[in-house]
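See structure below.
In what follows, chains are A, B, ... by sequence order, proteins preceding strands, each numbered from 1. Values in this document were obtained by computation on a predicted structure and should not be read as measured data. FYI, side chains are in, hydrogens and waters are out, and symmetry mates aren't considered; it's all heavy atoms of this structure.
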Amino acid sequence: MFLPIQIFLLLAALLAIIFGVRRFLRHEINFLALLIWLLVWLAVGSVAVYPEGSTRLAHALGVGRGTDLLTYISLAAIFYMLFRLFLRQERIERDITKIVRHTALSDEQKDGTGRAS
Amino acid sequence: MKVIAVVPAYNESIRLAGVLQDLRRFVSEIIVVDDGSSDCTAVIAEQSGAIVLQHLVNRGQGAALETGTQAALERGADVIVHFDADGQFCAEEIPAMIAPIIKGTADVVRGSRFLGKRSELPVLKRRLIMPVGRMIEELFTGVALTDAHNGFRALSAVAAGRLHVTLDRMAHNTEIIREARRQDLRIVEVPVTIKYHEFGQGVGGGFTIVRDLLMQRWI
């Protein structure tokens, strides 16, 4: 008999996998991204069905409890995502600078001043 | 010899007119890059006879310097001087700054507050921020200079054409030295005096500079 949290996690994993496959079929993500996505959610599903598995893995790695291991992994994943977001934002900032510079320089060529009208 | 001063300016309407008046005596042309100011910086620059380029939104000093440097090269500059709009630098020191480039002994000249001339640095800056800043800059550039992040700079046209500032904020200063070293350009320091109206870069600014330099390779 499954506990409510197990059912919830299984459903979430199933929906996430369907969502990932759809995005891949629409060419919104590449195969590598799909693979990572599937691995993550298959892992979530496996832990939901067989919680002792995560504890065993945690013990093998020297961590006390399975949930602790999951917390560590989640934290690392969140930091990595933050880092990726930061990089993406910096790239956008650079692109904005390019556009702003282009406007300033082309205004200068047009009327001898770089003043925006 | 066409010497063009590039002056990045962000909300500098109070000091800009005086700075440009002093500058005019020592350079052929002045390019002011108004970096998205909300005051009348651009109007004052134009009234002072400078060529004014306008960033529609604020992009940072590094970005403004790169825009101005590109414009200076398009206008046929032989030497480009980077000069702050806040009146901290002495325009009288420009001839000494550009002399090594004119003589052909340097490609990049940077001012130094620690080569003979005495600048009135705040104590915290002299005793703590500057030594740490120098160490960090040497770590990133591989060049041991007597000053760190001095914004008074002169570039030959060849150097300016090869050095592109990609760091929009304040880290451009280290980036220019790092790139110059990478491209085997000759870097020389010249003594300058800096007048402090305000503290300038503090420790927080230093952290942002280090972060920008570290992140550069990932972006």
(request) Return the orientation label for the B:F152 and B:F89 ring planes: parallel under 30°, perpendicular over 60°, tilted otherwise. (result)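 Plane angle under 30°, so parallel.
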(message) Please check: side-chain N/O of B:R169 versus main-chain N/O of B:T208, any donor-acceptor pairing under 3.5 Å?
(response)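 Flag not set: sc B:R169 to bb B:T208 has no pair under 3.5 Å.
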(request) May I ask you to name which of A:R94, A:R91, A:R88, A:H102 has the most heavy-atom pairs under 4.5 Å with chain B? (result)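 Sorted descending by pairs with chain B, the first entry is A:R94.
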(request) Go through the atoms of B:E74 and report whether side chain, backbone, both or neither lie under 4.5 Å from a heavy atom of chain A. (result)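 Side chain of B:E74 only, per the 4.5 Å heavy-atom cut-off to chain A.
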(request) Could you tell me whether B:E29 and B:R75 make a salt bridge, using a distance below 4.0 angstrom between a side-chain N and a carboxylate O? (result)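 Looking at B:R75 together with B:E29, the answer is yes, because their closest N to O distance falls below 4.0 Å.
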(message) For a 4.5 angstrom cut-off between non-hydrogen side-chain atoms, does B:V81 reach B:M97?
(response)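 They are not in side-chain contact.
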(message) Can you tell me which portion of A:I99 sits under 4.5 Å from chain B's heavy atoms? Options are side chain, backbone, both or neither.
(response)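 Nothing of A:I99, per the 4.5 Å heavy-atom cut-off to chain B.
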(message) Looking only at heavy atoms and a cut-off of under 4.5 Å, which of B:L167, B:I31, B:T166 has the most pairs with chain A?
(response)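 It is B:T166.
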